[in-house]
Amino acid sequence: MVSEFPTDVFEEHRPVLVAVAYRMLGRVADAEDVVQDAWLRWTAREREQVAEPRAYLVRITTRLAIDRLRQIQTRRESYVGPWLPEPIVTDIGHTIPDPAERTVLAESVSLAVLVVLESLSPLERAVFVLREAFGLPYGEIAAALERSEAAVRQLAGRARRHVEERRPRYDVDPDACRELTERFLAAATGGDLKGLLALLADDARLIGDGGGLSKAPPRIMYSADKIARFLCAVSGSASGLEYRLTEINGAPALLVLSDGKPDTVLQLGIVDGRIQCVYIVRNPDKLIGVTSM
């Protein structure tokens, strides 16, 4: 029988509900809205009929997230410039002792993987998140989505192949990533063109998300030369900024502060010791989640 204190039960499972919703939607505000809607459904439910609260709440949250994802996909079609997920501060490197588990969790929330998940259908994304990130059994996922287990297995296989084909294979050693990020910061802030070119892969790309609210490249930028020259030009006009190295979405990243407020989150995708991709989030609406640092 479920506890007579519904708030306690819900709060116990809130972290996993937020985690599911964020991976589904890529934005903290949307995830929190979905979890709030799940709370309203939970309080209206005859909870004595709920044998497994966690499974029930995950099921509600997943369905609500699918509905929300279908709504916001139209909104994203009119988004100004490239779209990146909202960065979140994580502490996977310190709280998860097992390296294999740490890698799985970090990848499930990484900016690169969340970008790839945008190209899945809502149902494929739900199956992928529940199966790959949370390890739910196919039968439980089938119940959550009101689909047959066979259909869920098909969706899972299709989603997994799609993600495997499209997601970049970045280096995951946090110490190496942190060291290269520090070298990148020194070169970029110093206007060191040669230093940046030595760090960037020849076919590197830069993805900047300003959302039309902050300055950022309006399109994906390609080639080490263009990226290095752009960063040197930007560094020449930057002043009074504070830089913090932290863990964002499971990997080392730079949080740039202006007058004490988050201005930019920058993260590098690294392959064989060279920078393959530079992710820059400057949309102020997406930096709310890092303001508590």
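Under the 4.5 Å side-chain contact rule for hydrophobic residues, Val234 and Leu199 share a cluster. Grouping the Ile, Leu, Val, Met, Phe, Trp and Tyr side chains by contacts below 4.5 angstrom, directly or via other members, places Tyr170 with Tyr222. Ile72 and Leu120 fall within a single hydrophobic cluster, where Ile, Leu, Val, Met, Phe, Trp and Tyr are joined by side-chain heavy atoms under 4.5 Å apart, directly or via other members.
For the pair Thr61 (side chain) and Val35 (backbone), a donor-acceptor distance under 3.5 Å is absent. Put simply, the side chain of Glu124 never gets that close to the backbone of Leu155: no donor and acceptor are under 3.5 Å apart. In terms of modelled atom types and a separation under 3.5 Å, the side chain of Arg229 and the main chain of Ala224 share no donor-acceptor contact.
Using a 4.5 Å cut-off on side-chain heavy atoms (C-beta onward), His162 and Phe128 make no contact. Using a 4.5 Å heavy-atom cutoff, the side chains of Val265 and Tyr279 are not in contact. Taking 4.5 Å as the limit, every side-chain heavy atom of Ile88 sits out of range of all side-chain heavy atoms of Ile248.
Ion pairing between a basic and an acidic side chain is recognised when a charged N comes within 4.0 Å of a carboxylate O; Asp67 and Arg63 show no such pairing. Checked for salt-bridge contact, Arg54 and Glu52 miss the test: no charged N lies under 4.0 Å from a carboxylate O. The pair Arg59-Glu140 does not meet the salt-bridge criterion, since no charged nitrogen lies less than 4.0 angstrom from a carboxylate oxygen. Of the charged side-chain nitrogens involved, none lies within less than 4.0 Å of a carboxylate oxygen, so that Arg282 and Asp209 do not count as a salt-bridged pair. Under a 4.0 Å N-O distance rule, the pair Glu182/Arg178 does not qualify as a salt bridge. In summary, Glu164 and Arg161 do not engage in a salt bridge, as defined by a charged side-chain N under 4.0 Å from a carboxylate O.
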Problem set entry | Working for side chain to side chain contact (heavy atoms under 4.5 Å, CB included), residues Glu118 and Leu114 | CA-CA 7 Å; Glu118 283 293 297; Leu114 291 176; over 6 Å; no

For this session: Before giving the answer on salt bridge (charged side-chain N to carboxylate O under 4.0 Å, His left out), spell out for Arg244 and Glu242 the whole-Å C-alpha distance, their side-chain angles and the decisive distance to 0.1 Å.
Result: CA-CA 7 Å; Arg244 295 183 187 176; Glu242 178 186 353; 3.1 Å; yes

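Between Asp203 and Gln276, the side chains place a donor N or O and an acceptor N or O closer than 3.5 Å (distance only, hydrogens not considered). Looking at Asn249 and Tyr22, their side chains do bring a donor and an acceptor atom within 3.5 Å of each other.
A cation-pi arrangement, defined by a distance under 6.0 Å to the six-membered ring centre and an angle within 45 degrees of its axis, is present between Arg131 and Tyr138.
Within a 6.0 Å sphere centred on CG of Asp259, other residues, nucleotides and ligands contribute 12 heavy atoms or fewer. No more than 12 heavy atoms of other residues, nucleotides or ligands lie within 6.0 Å of CZ in Arg147, so this atom counts as exposed by the packing criterion. The environment of CZ in Arg169 is crowded: more than 12 heavy-atom neighbours from other residues, nucleotides or ligands sit within 6.0 Å.
Going from atom CD1 of Ile207 over to atom CH2 of Trp83 covers 11.5 Å, rounded to the nearest 0.5 Å.
For Glu32, there are no salt bridge (Lys or Arg N to Asp or Glu O under 4.0 Å) partners at least two apart in sequence or on another chain.
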